[in-house]
Amino acid sequence: MRSDTPGLRPPFIASRLIGLFTSGWHDDAISGDLLEEFSDVAAKSGLTYARRWYCWQSIKTIGNLIGAGLRTAPWLIASTVIGGYLLLAFGSSLPESLIVAVLQLRWHHVIPYYTQREMDAHVFWLNTGIQIGHLLVSLFIGCIVAAVAKAREMIATLALSISLLALSVVGWCNFARHWPERALPIVFIELVGIILIPMGGVLVRELRRVTRARRSSA
Amino acid sequence: MILGQDARPAAIGVAIGIASSLAITRLVSSLLFGISGTDPLTFIGLAVLLSFVCASRILHSGAPCHARRSPDCITAPGSPLTTVNLSYIVYEMSKREYLGEFEHIVLLAVLRLGREAYGVTVRQEIEARTGREVSIGAVYATLDRLEAKGYVQSRAGDPTPQRGGRSKRFFNITGRGSAAVNRTQQALRSMIKGLDFVARYS
């Protein structure tokens with residue numbers, strides 16, 4: 001995104017965020033309108049004020065677009081959120097089962113562990129490997145939810161993420177009361193997993209945008 | 001009162017039905033097992049069910065009300081606000097699709113701007129005339145809703161360099177949109193009429 005005046009560019013993150021929540025002709029119309037007004041505001045009140053104005057307008061516009069998306073397709077969003085939650089409930093144990101199965105196979109049937117290095121690798125996969133697996137599952141489920149939600153990728157994945165966060169906060173409080181010393185790393189990993197769900201939405205969204213751009217240029 | 005007038009034939013029908021059923025049960029009583037031919041619960045239950053169906057039909061059709069009394073009569077000052085009248089008013093309102101406050105403002109802005117109505121100009125027009133700060137997202141969310149209702153039509157403009165090569169989306173009001181604006185204006189005028197609004201609240 002660029003305007004006609006050199007160096008007069010809106011904040012990159014804000015303009016990218018707007019692009020994530022708009023689709024079809026909305027993308028051209030909303031992003032173009034914001035850019036047009038940004039140029040006018042910058043000419044009248046200066047670049048700093050214009051950039052601040054653009055960020056604030058982007059935040060409000062994203063809020064409006066989320067609200068409109070929820071109003072126009074409430075059942076689609078609700079079903080994708082429930083579907084995503086069920087996938088997470090069933091899929092979260094998969095990395096653990098897979099890694100444990102592979103380690104067991106290696107331990108019993110292939111080569112026994114003789115060295116400290118091999119033991120360290122075993123422990124690494126059991127701890128960090130499972131956690132990385134959980135995060136990858138979250139990202140993958142975010143991608144599935146986004147793919148099902150079609151043009152509302154970000155709204156569906158954000159709705160799933162926010163509902164999971166609300167449920168998790170209750171669990172974290174309970175966990176922290178009983179095991180305060182272990183709460184922080186668990187909360188951190190789960191929080192990253194929750195953040196990765198909308199990241200899946202971003203991936204699908206960008207993939208679709210690139211595909212559409214290639215098709216239109218072809 | 002309306003329900004009473006319209007429900008009279010229904011009540012007569014239910015009474016005739018019960019009498020006929022009592023007579024016919026003598027013929028079919030030999031075919032019934034585990035229940036008597038004159039089971040009071042079945043008779044009362046069916047009568048209540050049929051009465052409920054008739055009542056809901058009368059409330060939702062609106063036709064008998066039109067035939068006997070005009071809607072103006074129901075909504076006129078001094079008319080009793082009975083449950084039936086209220087249901088009728090709500091039904092009529094949902095049928096007429098009045099505009100929401102912001103929808104009304106956006107449609108008036110589109111009307112004022114004519115062929116130059118697109119996101120930026122609509123937003124600026126609203127801000128200039130109402131002093132109310134609105135986001136471009138709010139304007140487009142409302143224009144989308146209005147387009148879905150058939151109140152506005154949109155067309156793509158040419159891309160301009162000032163917009164980073166992105167095209168504008170122009171909007172114009174349709175006949176249905178004009179009718180909705182008139183209807184809402186009329187409703188507002190009739191609600192304000194006689195209130196001495198300006199003197200009292202300004």
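Order of the sequence lines sets the chain letters (A, B, ...), proteins ahead of strands, with each chain counted from 1.
- Surrounding CZ of B:Arg155 are more than 12 heavy atoms belonging to other residues, nucleotides or ligands, all under 6.0 Å away.
- For the salt bridge (Lys or Arg N to Asp or Glu O under 4.0 Å) test with A:Asp33, the passing option among B:Lys168, B:Arg166, B:Arg163 is B:Arg163; the others fail.
- Counting heavy atoms of neighbouring residues, nucleotides and ligands inside a 6.0 Å radius, atom CD of A:Glu181 exceeds 12 of them.
- Around CZ of A:Phe12, the count of heavy atoms belonging to other residues, nucleotides or ligands within 6.0 Å does not exceed 12.
- Going from atom CD of B:Glu133 over to atom NZ of A:Lys60 covers 3.5 Å, rounded to the nearest 0.5 Å.
- Within a 6.0 Å sphere centred on CZ of B:Phe102, other residues, nucleotides and ligands contribute more than 12 heavy atoms.
- Summarising the geometry, atom CD belonging to B:Gln162 is positioned 5.5 Å from atom CG belonging to A:Asp40; distances are rounded to the nearest 0.5 Å.
- If you tally non-hydrogen atom pairs under 4.5 Å between each of B:Ser154, B:Gly119, B:Gly157 and chain A, the highest count goes to B:Gly119.
- Proximity to chain A (any heavy atom under 4.5 Å) is shown, for B:Val139, by neither the backbone nor the side chain.
- Considering CD of B:Gln124 and CD of A:Glu37, their distance stands at 4.5 Å, rounded to 0.5 Å.
- When all heavy atoms are compared, the tightest approach of B:Arg169 to A:Ala29 is CB-CB, 3.9 Å.
- The environment of CH2 in A:Trp125 is sparse: at most 12 heavy-atom neighbours from other residues, nucleotides or ligands sit within 6.0 Å.
- Here the shortest heavy-atom pairing between A:Thr61 and B:Gly137 reads OG1-N, 3.3 Å.
- Between B:Tyr140 atom OH and A:Asn64 atom CG the span is 13.0 Å, to the nearest 0.5 Å.
- The number of heavy atoms from other shown groups lying within 6.0 Å of CG (A:Asn127) is above 12.
- In A:Tyr85, the OH atom is not crowded: 12 or fewer heavy atoms of neighbouring residues, nucleotides or ligands sit closer than 6.0 Å.
- With a 4.5 angstrom heavy-atom cutoff, B:Ala138 touches chain A via backbone and side-chain atoms both.
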